[in-house]
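I have placed the structure first, in the form of structure tokens, so that the comments after it can refer back to it.
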Amino acid sequence: MHELSIATNIVEIVEEEAIKANKSTISEIDIEIGSMSGVIIEALEFAMEEAVKKGVAQNAKINFKELMARANCEKCFHQFEVDDFFAVCPKCASFETNIISGKDLKIRKIKFD
Ligand SMILES: [Zn+2]
């Protein structure tokens with residue numbers, strides 16, 4: 001259900017962009033999903049199929065790409081990929097780490113016909 005509201009939101013954004021660009025058809029949408037965004041790609045793909053029906057994006061090719069989350073160590077400033085909120089720095093074993101990316105979902109590109 002969570003994914004359906006995200007999909008509806010994405011469709012609203014791309015439709016707004018289409019209006020701004022004065023286009024009536026969208027051919028391609030690139031979506032980036034952070035590995036820690038809590039979004040299940042398969043569920044979002046399914047939800048998008050429903051959400052684009054009858055809209056300007058109904059024939060659009062939608063590309064989903066998962067981005068690995070990254071964290072930054074506050075002690076040694078090492079940056080590394082993470083898949084857990086309790087990330088331990090692989091370099092100095094510090095727990096003082098911050099997730100710096102991979103918690104969100106982004107529309108990377110919208111292509112119009
Ligand atoms: Zn460190």
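Counting starts at 1 for both ligands and their atoms, following the listed order.
With rounding to the nearest 0.5 Å, the separation of CG in Leu4 from CG in Asn9 is 11.0 Å. Between atom OG of residue Ser101 and atom NZ of residue Lys106 there is a gap of 7.5 Å, rounded to the nearest 0.5 Å.
Using modelled atom types and a 3.5 Å distance limit, the side chains of Asn63 and Lys61 yield a donor-acceptor pair.
Taking hydrophobic clusters as Ile, Leu, Val, Met, Phe, Trp and Tyr residues chained together by side-chain heavy-atom distances below 4.5 Å, Phe112 does not share a cluster with Ile19.
For the Zn ion (ligand 1), the tally of protein N/O/S atoms lying closer than 2.8 Å stands at 4.
In this structure, Ile29 and Ala57 approach most closely via the heavy-atom pair CD1-CB, 4.1 Å.
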**OP:** Start with the C-alpha gap between Ser37 and Lys103, add the side-chain angles, then the distance that decides, and say whether side-chain contact (heavy atoms from CB on, under 4.5 Å) holds.
**Re:** CA-CA 4 Å; Ser37 63; Lys103 285 196 287 192; 5.8 Å; no
